[in-house]
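Since the structure comes first, as structure tokens, the remarks are kept for the end.
Predicted, not measured: the structure shown is a model, and the values here were computed from it. We name chains A, B, ... by the order of the sequence lines, and we start the count at 1 in each one.
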There are 2 protein chains.
Amino acid sequence: MSISIQMQLNERLYLKNPQDTKLGKKIIQYSIILIDEIGFEAFTFKKLAERISSTEASVYRYFENKHRLLVYLLCWYWEWMKFSIDYNTMNIEDPKQKLKIAISAIVDTSRRNTSIQFVDEDVLHRIVVAEATKAYHTKQVDEENKEGFFLTYKSLAKRIAKIIKEVNPDYPYPRALASTLLEMANNHIYFAQHLPSLTDIEVKEDDLSQVEELLEDFAFGLLIRD
Amino acid sequence: MSISIQMQLNERLYLKNPQDTKLGKKIIQYSIILIDEIGFEAFTFKKLAERISSTEASVYRYFENKHRLLVYLLCWYWEWMKFSIDYNTMNIEDPKQKLKIAISAIVDTSRRNTSIQFVDEDVLHRIVVAEATKAYHTKQVDEENKEGFFLTYKSLAKRIAKIIKEVNPDYPYPRALASTLLEMANNHIYFAQHLPSLTDIEVKEDDLSQVEELLEDFAFGLLIRD
DNA sequence: GTTTATTGGTAGTTTTACTATCGATTCGAG
DNA sequence: CTCGAATCGATAGTAAAACTACCAATAAAC
């Protein structure tokens, strides 16, 4: 007997579900490693194929192009973050406590959850930090949005906005704050590592507690004004 | 007699100063138009050369690659925004008023200033909104940062942080707030246009006043707590 | 146990991202 | 007005990226 848990993602993102086959799983697993190593721009299906001892054409059977693969990986992370927020706030009453848990998940879901699968979530998180904005900063956003590529991200933002509304129903920008928290987390981790003068926080040895403090100060500073 | 005003930008960004020659100016002028039209990913030096009835090799004489051209264009805009903030806050005493002026420039410098040059700042602003994150989200950030590619952006952020400190010297995250305001402005304009569920504001017929209100609420909400 | 569908592998094409070379023109200094 | 340097255009070529079409092995279905 074997238990297999599948991550349910938008079917339009792939040509053939990579979670169904051995090669498909290898594509996911090693694309994460390779994108982290060389960056998304230098990443190609040919290099990936070489790494997994397969061929370019085989990879193209699963994904139309590398952009869709990137969106797929990001959706994987976002879906997982959403689950993490839902799961960890389930029996919590206090909205403030809920928001703290959400912020903690936003900053780094991989630290707080262990997965049973072939995906190295720690490396995936690095990809999210470095490459996430590229998912929707393209000339094809509107078409891709119509195809539902960003449903996962939008519904994640909606969940966070809902918690924000619980903390303060009168706050006029719950959705904007939600997306800003999501974007800020990645930005400030990235700034701390590469352009430190653009932030006040430090990220030492992957310790992201200061990012969490920053986001909490932001969120509660805006939501709770006496 | 002719007056020529030059925008002083990092010399490492180009091979030959495009502001010195007719072709160079055409490269700047039409690269802005073309990137806006087809997006940075699809933009190539060949297409640009065709548009200006020149050759690929000629364009390569000015810029090593399209990434450096993009950074050059963005630095142009940032430099200009910095000037606009300095100029418009010169005789203002009240720090709060200064910050309002800065936010107004962050949201859209092109609306508030007319330039004498061959650059269409309105189109350039669209590029900033859509493509700015790509400037530093690359595997080469650290090297490029060492070469001073992002000095303009960092010094712009510093100026804004300075104003933030004047408004509230006790606020613990002035630099983070400054970069967040810069990033947020672009993000929420982009969201309003392409992924509206990620924001609460609307951008109707290029009216960016709601973005300004959002940023003001953010900034003052965090800086002024009674 | 043969047919059929699915999978993986080979071999191309077109486009991108450059580099090198060579004339032709232009533009300023003497 | 002329010489020389700078600038530009034209052509050609290369390596890699981004795909496509087609073929072969094999597993599943009847």
Phosphate contact (D:dA10 OP1 or OP2) by B:S58 side-chain N/O below 4.0 Å: no
Sugar-phosphate only, base, or nothing, as touched by B:K66 at under 4.0 Å among non-hydrogen atoms: sugar-phosphate
Under-3.5 Å donor-acceptor pair between B:E64 side chain and C:dC18 base: no
Protein-nucleotide distance (A:L23, atom CG; C:dG8, atom P), rounded to Å: 4 Å
Spacing of A:L69 atom CG relative to D:dA18 atom P, expressed in whole Å: 12 Å
Distance test, side-chain N/O of A:T55 to OP1/OP2 of C:dG8, below 4.0 Å: no
N/O (side chain, A:K16) to phosphate O (OP1/OP2, C:dT7) under 4.0 Å: yes
Nucleotide nearest B:A57 (side chain, heavy atoms from C-beta), chosen from C:dA17, C:dG9, D:dT11: D:dT11
Side chain to side chain, B:K46 and B:E50, heavy atoms closer than 4.5 Å: yes
Sugar-phosphate only, base, or nothing, as touched by B:T44 at under 4.0 Å among non-hydrogen atoms: sugar-phosphate
Any B:N187 side-chain heavy atom under 4.5 Å of A:H137 side chain: yes
SB check B:K134 B:E41 (cutoff 4.0 Å): yes
A:F45: which of A:Y30, A:Y62, A:Y60 passes ring pair (Phe, Tyr, Trp, His ring centres under 6.0 Å): A:Y60
Short side-chain N/O contact to D:dT7 OP1/OP2 from B:Y62, under 4.0 Å: no
Polar contact flag, side-chain donor to acceptor under 3.5 angstrom, A:D142-B:H194: yes
B:E41 CD - C:dT16 C1' separation (whole Å): 13 Å
Euclidean distance, atom NE2 of residue B:H67 to atom P of C:dC18 [Å, nearest integer]: 12 Å
B:R61 CZ to C:dT21 C1', straight-line distance once rounded to whole Å: 10 Å
D:dG9 OP1/OP2 closer than 4.0 Å to side-chain N/O of B:S54: yes
Sugar-phosphate, base or nothing in reach of A:K47, heavy atoms under 4.0 Å: sugar-phosphate
D:dG9 phosphate, OP1 or OP2, under 4.0 Å from B:Y60 side-chain N/O: no
Rounded distance (Å) that lies between atom C1' of C:dT13 and atom NZ of A:K46: 14 Å
Shortest side-chain distance from A:E56, nucleotide among D:dC19, D:dG9, C:dT19: D:dC19
